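Notes to accompany the following structure.
The structure displayed is predicted, hence computed values, not measured ones. Indexing begins at 1, ligand by ligand and atom by atom, following the structure's order. These values consider heavy atoms only, across backbone and side chains, with no hydrogens, waters or symmetry-generated copies.
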Amino acid sequence: MTPRVWAMISLVALIAAAAVVAMLRVPWTAAPAPRADQLAALDTLPHDAVAQGRAFHAALRPDMYLSLVVGLLVALALGLTPAGSWIVEQAGRPFGGHWLARALLGGFAVTLVGEVFALPLAAWRQSILRRYGLSTQGWGGWTVDLLKGYAVGAVIGAIVLVGFFTITHFAPRWWWAWAAAGAAALAILLSFVFPVLVEPVFNKFTPMPAGEQRTRLMEMAARDGVPVRDVLIADASRRTRAVNAYVSGLGPTRRIVVYDTLLEKAPPAEVESVVAHELGHAKQSDVLTGTLLGALGAAAAVCALYLLGSWSALLRLARVDSIAEPRAIALLLAIATVAGLFAGPAQALISRRVEARADQHALNLTHDPTEFEAMQGRLSLVNLGDPDPNPLEQFLFGSHPTAVERMAAARAWARAHPHP
Ligand SMILES: [Zn+2]
């Protein structure tokens with residue numbers, strides 16, 4: 001059998017494996033709480049604050065869609081014309097057009113063009129966040145974060161570029177198999193490495209100091225049967241007024257992180273509800289599910305890329321001989337950008353389901369739907385969220401159920417678990 005047939009078999013097998021993981025590990029059956037409960041919950045929120053959240057999202061909307069469109073147009077303009085391959089050639093020229101120089105410098109040059117277009121849109125977004133008081137960061141701090149982001153991106157980008165084109169150079173027939181394995185391995189590695197190496201680049205983490213709150217949270221984790229190494233506080237307040245908490249890492253790197261803003265703004269019982277939700281993620285190993293899906297998806301994407309590489313019209317547009325040569329970097333990025341447009345809503349759908357399950361976990365653990373609902377309302381108001389957003393945007397971008405859905409879920413839970 002030819003490498004092409006094997007690539008097709010692998011692609012089908014990887015997609016099937018991802019589907020099995022998604023079927024087994026994502027809760028698909030739970031129905032959202034009744035709309036009547038959602039509307040009743042919405043009515044309990046202060047109307048001027050809801051209006052403020054909606055105004056904020058209306059202000060962000062043009063920038064958000066423009067960023068999507070500009071990102072897509074730049075990627076297509078570079079990838080589906082000879083422009084991208086020309087840039088890569090120029091970047092490699094000082095090194096005699098060596099493939100490694102083309103891969104690394106060409107990759108950076110092509111990415112840089114995209115960043116030049118993205119930068120003003122990112123600055124526009126930041127100006128809106130500041131105008132609405134959600135961001136506490138001055139332009140100096142914002143720029144430092146931006147540069148840190150570029151540095152992290154450059155390190156990961158260099159690993160991907162050098163790794164990928166070394167493989168295609170030395171294994172011209174079977175590169176897709178090695179690259180697929182490499183992509184999956186990288187997805188798993190990043191899941192371990194990100195919380196330990198990358199998150200501290202942007203935030204300082206300190207263990208929650210010993211005291212009543214920490215004791216109560218650790219007791220709740222013990223009651224839940226979830227081994228928690230530590231509860232960490234992130235100094236998010238130096239950049240934002242938004243409140244949040246999350247769980248990251250796998251196995252020994254797993255930790256629960258609470259924003260300092262949350263501790264400042266929410267009473268202890270609501271913080272407990274938030275941490276109970278995060279324990280739900282830990283108990284169900286949601287990070288592992290995400291990592292598995294990411295690894296299978298990355299490997300499938302490499303196989304698909306290889307198969308797309310025999311589409312000669314595409315190669316002619318980009319004026320490249322093969323999708324596996326460094327001159328095709330812009331074409332690869334264009335394909336990735338288009339694929340990302342479709343992958344985004346699928347990821348959001350899975351995320352919403354997983355988040356709804358963590359909410360149920362929090363309710364079952366705390367037995368306190370009142371605090372849970374209060375916490376959801378506060379989360380939405382403090383974060384300038386739209387508690388009941390437009391269904392299309394929720395479908396496209398919503399990583400969590402809407403605030404009113406989450407509040408309504410607490411009401412439904414209360415009905416199903418009446419006090420004795
Ligand atoms: Zn969550």
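- For residue His281, an N/O/S atom approaches the Zn ion (ligand 1) to within less than 2.8 Å.
- For Glu355, the N/O/S atom at the shortest distance from the Zn ion (ligand 1) is named OE1.
- His169 and Trp99 have parallel rings, their planes meeting at less than 30° on a 0 to 90° scale where 60° marks the start of perpendicular.
- Residues Ser399 and Glu355 bring no donor and acceptor atom of their side chains to less than 3.5 Å of each other.
- Distances from the Zn ion (ligand 1) to each N, O or S atom of His277 single out NE2 as the nearest.
- Taking the six-membered ring for Trp and the full ring otherwise, Trp175 and Phe164 have centroids separated by under 6.0 Å.
- Salt-bridge formation is detected for the pair Arg415/Asp37: a Lys NZ or Arg NE/NH1/NH2 atom is positioned less than 4.0 Å from an Asp or Glu carboxylate oxygen.
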